Amino acid sequence: MYLTDYSIDDLKQLLASWNEPAFRAGQIFAWLSKGVLPENMSNIPKTLRAKLSEIPYGSVQIFDKRLSARDGTVKYLFSMEDGNMVEGVLMRYRYGNTLCLSTQVGCRMGCAFCASTLEGRVRNLSAGEMLGEVSAAEKDEPPREDGGRAVTNLVLMGSGEPLDNFDEVVRFLRLVTSPDGAGISPRNISVSTCGIVPRIYDFMEQAPHVTLSVSLHAHDNETRSRIMPINNRYPIDDVLKAAAAYSEKTGRRVVFEYALIRGVNASQADAAALASKLKGMLCHVNLIPLNPVPERNLSGCTRKEAYQFQNWLEQKHISATVRREMGTDIEGACGQLRRKTIHDLRK
Ligand code: SAH
């Protein structure tokens, strides 16, 4: 376990085993939530800092960074202690900044349109490493005049399948929402899943109640199984049932991600069929013109076509929006910067 994986309770136990006072736990936790190394924990006695330094930290560093001249979006390539890398993206909105972060190095879900899964799953990220993505981005931003946080919202939509790294993701959500640490409200957090149905039920019991996003991308089993292998295991109706249960339990609407793929799921008939599938659910559809991945032979539709699809859904009383395009000048689809960097480093 990394030091950054420790909750306040874990730290209290550790301190007790060292005969150190329990009140230090909160101080240490606050530092860890900011990505501060033990040697720089200024209100902690030197002897205790030395003991903490002996525990592997689980540090996350910014390896590369691209800033969009167009909208200020920042794409980060984070490196971890073992040299593995993951991506994160900081997006600026009127209400605050959202960090999109990764939960695994690579992914084993095998979706046909996604760059993150091309080489499978390398490993899970630990809770502390996910926290490290947040603190690294926070430290990288200039301090705000109002003293508030730079990173106010999180989406677990970078590489990896959050519910395939269930325990660490739940632990991370507890750490990052803790008022003694980063204190990000669960209301400001979205977790996106490809639809691992039993884990959705576990998630609603065990995790803070965040917004659940479900990557749907099709309204029928045939199409969905073709582009998302997980659908062979958990068919679409079971996914929708779990999503409805989540929204009932948490009182929050579920967001369905729907990447529009030309010739696959983007026709008017598709919109009508999707609308009738979702009828009566407390939900919202987020339309994304597919981001083309060079390694994948699928093409997206235009933004104009995406707005047309949105209209078709709205005519059937399904609330929908087209996702804003951000940082198109600095990144490709999810997973591409990491692939490109690893490729260049190998050259
Ligand atoms: N594994 C989780 C979260 C990571 S993917 C999930 O499946 O939801 C984040 C979102 O990006 C998902 O909705 C995913 O389907 C979508 N995505 C992946 N590749 C994409 C691409 N090339 N274009 C558009 N969206 C893509």
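None of the values given here were measured: they were computed from a predicted structure. Both counts, for ligands and for their atoms, begin at 1 and track the order of listing.
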Under 4.0 Å from any heavy atom of [X], which atoms of ligand 1 are there?
| X | value |
| --- | --- |
| G158 | 4 (C) |
| C194 | 6 (C), 7 (O), 8 (O) |
| L290 | 21 (C), 22 (N), 23 (N) |
| G160 | 1 (N), 2 (C), 3 (C), 4 (C) |
| C114 | 18 (C), 19 (N) |
| E257 | 13 (O) |

Looking only at N/O atoms, are I288 and ligand 1 under 3.5 Å apart anywhere? no
Could you name the option among [options] that has the heavy atom nearest to [atom]?
| atom | options | answer |
| --- | --- | --- |
| atom 23 (N) of ligand 1 | N291, L298, D164 | N291 |
| atom 13 (O) of ligand 1 | S215, A259, P162 | S215 |
| atom 14 (C) of ligand 1 | H217, R323, M228 | H217 |

Is C107 near ligand 1, meaning one of its heavy atoms is under 4.0 Å from it?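 Heavy atoms of C107 never come under 4.0 Å of ligand 1.
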If we only consider heavy atoms of G195, is any one of them less than 4.0 Å away from an atom in ligand 1? no
Pairs involving residues 171-192, ordered by first then second residue, that meet side-chain hydrogen bond (donor to acceptor under 3.5 Å, both in side chains) (sequence neighbours left out): D10-R171
Do R199 and D164 pass the salt bridge (charged side-chain N to carboxylate O under 4.0 Å, His left out) test, and can you show the C-alpha distance, the side-chain angles, and the key distance before you say yes or no? CA-CA 8 Å; R199 294 287 88 76; D164 186 39; over 6 Å; no
Of the backbone atoms (N, CA, C, O) and the side-chain heavy atoms from C-beta on, which set of T193 has a member under 4.0 Å from an atom of ligand 1: side chain, backbone, both, or neither? backbone
Taking 4.0 Å as the limit for heavy-atom contacts, which would you say applies to E161 with ligand 1: side chain only, backbone only, both, or neither?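 Within the 4.0 Å criterion, E161 contacts ligand 1 through backbone and side-chain atoms alike.
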Parallel, tilted or perpendicular, as decided by the 30° and 60° cut-offs, for the rings of H217 and F113: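 Answer is perpendicular, since the angle exceeds 60°.
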Evaluate the ring planes of Y246 and F203, with Trp represented by its six-membered ring, and classify them as parallel (under 30°), tilted (30 to 60°) or perpendicular (over 60°).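 Correct class here is parallel.
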Run the ring-centre check on Y76 versus F63 and record whether the distance is less than 6.0 Å. no
Taking L101 as the fixed residue, which of M157, M130, E129 is the one that meets the side chain to side chain contact (heavy atoms under 4.5 Å, CB included) rule? M130
Kindly compute the distance separating CD (E39) from OH (Y57), expressed to the nearest 0.5 Å.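 With rounding to 0.5 Å, CD (E39) is 10.0 Å from OH (Y57).
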Y201: side chain to side chain contact (heavy atoms under 4.5 Å, CB included) partners, not counting sequence neighbours: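 Per chain and number, Y201 pairs via side chain to side chain contact (heavy atoms under 4.5 Å, CB included) with V197, M204, K241, A242, A245.
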Apply side chain to side chain contact (heavy atoms under 4.5 Å, CB included) to I28 and L52, showing your working. CA-CA 9 Å; I28 297 167; L52 292 168; 3.8 Å; yes
